[in-house]
Each structure stands twice: as C-alpha cells, then as structure tokens.
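Small disclaimer: the values here were computed from a predicted structure and weren't measured. Residue numbers run from 1 in the order of the sequence given.
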Amino acid sequence: MSTAGYPSVYVVDTHATRPPVPPRLSQKGRRGDEVQNLLILLVSLALCGIAIEACFIYHLYQPAKTETSASFSRHIAGQDDTSTTEIPSLVIPPSKPVAHLTDGLDAVHGKTIMAWSMEADPLLHEMDYRDMSLIIQKEGYYYVYSKVSFFDTDYFNHSIHRNTELYAGKSIPLLLSKQNERPKRRRSNSYLGGVFHLAKNDAIYVEVSNTANVVKHKPIENVFGAYMI
C-alpha cells in the first residue's frame with residue numbers, strides 16, 4: 001500500500017518479445033515420411049541382393065566355361081587332354097553281363113555260321129566274342145535272342161546253338177526256326193528268343209541254312225545277343 005492509501009500499480013511492458021513456437025508437423029505427414037524411408041531401404045536391400053547373386057553366378061560358371069572351351073580347343077587340335085578332369089558319362093553301366101551284336105561290313109560269315117561286327121558299336125559287358133560265338137564269363141540264367149533277315153527263298157533254317165565243356169565235342173541246339181515254303185513277301189524275318197541256364201566258358205552262336213541268303217543292307221537287320229536275368 002502507498003502512503004496515500006492507494007494500492008501500488010505495476011506497469012507491464014506489452015512490447016516484450018517472446019521466441020516463436022516451432023510449428024508442429026501433423027501425424028499424417030510423419031507417417032508418410034516413415035513409409036517412404038522404409039520403401040527406400042527395402043529397394044536398396046533388393047538391389048544389393050541382386051548384385052551379390054549376379055557376382056556369385058558369374059564366378060561360379062566362369063571357370064567351368066573357360067575349362068570347357070580350352071578342352072574343346074585341344075580336342076579340335078588333336079591334343080590329348082589328360083590334365084583336366086574328365087566329364088562323367090551319362091550312360092549307366094550294366095549291373096549284369098550283357099551282349100548285343102549286329103551285322104556289319106567287317107563281319108565275314110561262314111557258310112552256315114553267322115559272324116558279327118566289332119565295328120558297329122557292339123555291346124559286350126562281362127562277356128567275350130570269339131570265333132563267331134559269345135563266350136559266357138559268369139554262370140547264370142540268360143535270355144538269348146537272335147533276329148535274321150532273309151532274301152526271297154523257298155527254304156531256310158535259323159537256330160541258336162550252345163557249345164559247353166559239360167558235353168565236349170557236341171553242339172546243343174537251343175532255339176530253331178524253319179521255313180519250308182516260298183514266303184508271300186520278298187523278305188522274311190526270323191526271330192528267336194528264350195531263357196537258358198549257361199555255365200562259364202559256354203559258347204553260343206547263330207547258324208542258318210545258307211548265309212548267302214542273309215540280307216546285309218543294314219546292321220540292324222541281323223542281331224544276336226544275350227543278357228543275364
């Protein structure tokens with residue numbers, strides 16, 4: 001209180017300045033920025049992954065391609081490539097003895113016994129070919145077969161025989177086909193096939209009435225083989 005009995009008066013300076021309040025961002029704007037940043041991060045990671053995968057694939061296939069090209073060049077030049085690893089064959093090796101023979105220009109037949117080509121891709125696995133005969137190397141049951149094509153003829157015989165040490169000096173007929181009349185077609189095909197128990201060192205061979213009547217135009221027209229069952 002003043003000495004005159006009036007209350008004290010305080011003067012307020014209305015011209016005093018205050019620091020401005022920063023504007024607040026809306027909640028919707030902040031969420032939009034977060035989504036955009038997340039998308040940028042995901043795209044960056046995807047591009048990095050693609051780049052890493054491309055580098056990996058390039059380094060994985062580049063040495064094999066170079067080695068294959070070099071091997072092919074050496075093969076064309078006639079050089080023997082023994083330093084590189086051989087490519088494994090895709091053909092599955094037989095699990096049992098098997099043989100498949102065909103006729104060919106190099107096969108010189110006897111008068112009645114058929115010979116077979118050793119140049120027309122013969123298949124011989126755990127079996128031998130000697131003196132126009134297949135030689136059994138492992139005892140067991142075998143399916144034995146033969147197909148022979150004949151020219152137009154009134155008569156022919158087609159048979160498969162076995163020579164065995166159990167009956168020395170004696171040939172055992174296994175299968176036989178005969179024709180005693182002129183066929184209606186210009187050529188005749190005779191097929192024989194059956195299952196037999198064969199011993200080691202047994203020899204089986206194909207005999208016909210006359211090899212001069214055998215068709216020799218294509219190797220597949222005359223075949224002979226056996227396989228263990």
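Listed by chain and number, the residues in a side-chain hydrogen bond (donor to acceptor under 3.5 Å, both in side chains) with Y145 are H100 (sequence neighbours excluded). The side chain to side chain contact (heavy atoms under 4.5 Å, CB included) test applied to L39 returns V35, not counting sequence neighbours. The side chain to side chain contact (heavy atoms under 4.5 Å, CB included) search around K216 returns D103, H109, not counting sequence neighbours. Taking E126 as the reference, nothing meets the side-chain hydrogen bond (donor to acceptor under 3.5 Å, both in side chains) condition, with sequence neighbours excluded. By the side-chain hydrogen bond (donor to acceptor under 3.5 Å, both in side chains) test, Y129 is found to be paired with no residue, residues two or more places apart in sequence or in another chain being considered.
Although no hydrogens or angles enter the test, the distance criterion places no donor-acceptor pair under 3.5 Å between the side chain of T112 and the main chain of E207. The backbone N or O of A212 lies less than 3.5 Å from a partner atom in the side chain of N210, making a donor-acceptor pair.
T164 is not listed as a side-chain neighbour of L198, based on a closest heavy-atom distance of 4.5 Å or more. By the 4.5 Å heavy-atom criterion applied to side chains, P122 and W116 are not counted as neighbours.
In this structure, L175 and G194 approach most closely via the heavy-atom pair CD1-N, 3.7 Å. Nearest heavy atom pair, residue V195 against residue Y143, reads CG2-CD1, 3.9 Å. Scanning both residues, F224 and V206, for their nearest heavy atoms gives CD1-CG2, 3.4 Å. For the residue pair N222 and V215, the shortest heavy atom distance occurs at ND2-O, 2.6 Å. Closest approach of A120 and T102 over heavy atoms only: CB-OG1, 3.4 Å. Here the closest non-hydrogen pair linking E139 and A199 is CG-CA, 3.9 Å.
Hydrophobic clustering of Ile, Leu, Val, Met, Phe, Trp and Tyr side chains at less than 4.5 Å, counting indirect connections, unites I113 with V148. Under a hydrophobic-cluster definition in which Ile, Leu, Val, Met, Phe, Trp and Tyr are linked whenever side-chain heavy atoms come within less than 4.5 Å, directly or via other members, L123 and Y227 are assigned to the same cluster. Hydrophobic clustering (ILVMFWY, side-chain heavy atoms < 4.5 Å, transitive): M114 and L124 are in one cluster. Cluster annotation: V98 is not connected to I135 through the hydrophobic network of ILVMFWY side chains, with a link wherever side-chain heavy atoms come within less than 4.5 Å.
Applying the 6.0 Å contact sphere to CD1 of I172 captures more than 12 heavy atoms from other residues, nucleotides or ligands. For L105, the CG atom is loosely surrounded, since the number of other residues' heavy atoms within 6.0 Å does not exceed 12.
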Chi angles and distances behind the side chain to side chain contact (heavy atoms under 4.5 Å, CB included) call for I136, M127: CA-CA 5 Å; I136 304 299; M127 297 179 72; 3.4 Å; yes

Verdict with supporting geometry, Q137 and D128, side chain to side chain donor-acceptor pair (under 3.5 Å): CA-CA 7 Å; Q137 297 296 310; D128 290 337; 3.1 Å; yes

Full working for side chain to side chain contact (heavy atoms under 4.5 Å, CB included) between F150 and Q179: CA-CA 11 Å; F150 295 92; Q179 178 173 293; over 6 Å; no

Test log, rule side chain to side chain contact (heavy atoms under 4.5 Å, CB included), inputs V144 and L134: CA-CA 10 Å; V144 182; L134 281 174; over 6 Å; no

Worked check of side chain to side chain contact (heavy atoms under 4.5 Å, CB included) between F156 and N213: CA-CA 8 Å; F156 71 77; N213 295 328; 5.9 Å; no

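Y205 pairs in a side chain to side chain donor-acceptor pair (under 3.5 Å) with only one of the listed residues (S159, S171, S146), which is S171.
The list of salt bridge (Lys or Arg N to Asp or Glu O under 4.0 Å) pairs with a residue in residues 159-172, not counting sequence neighbours, reads R162-D202.
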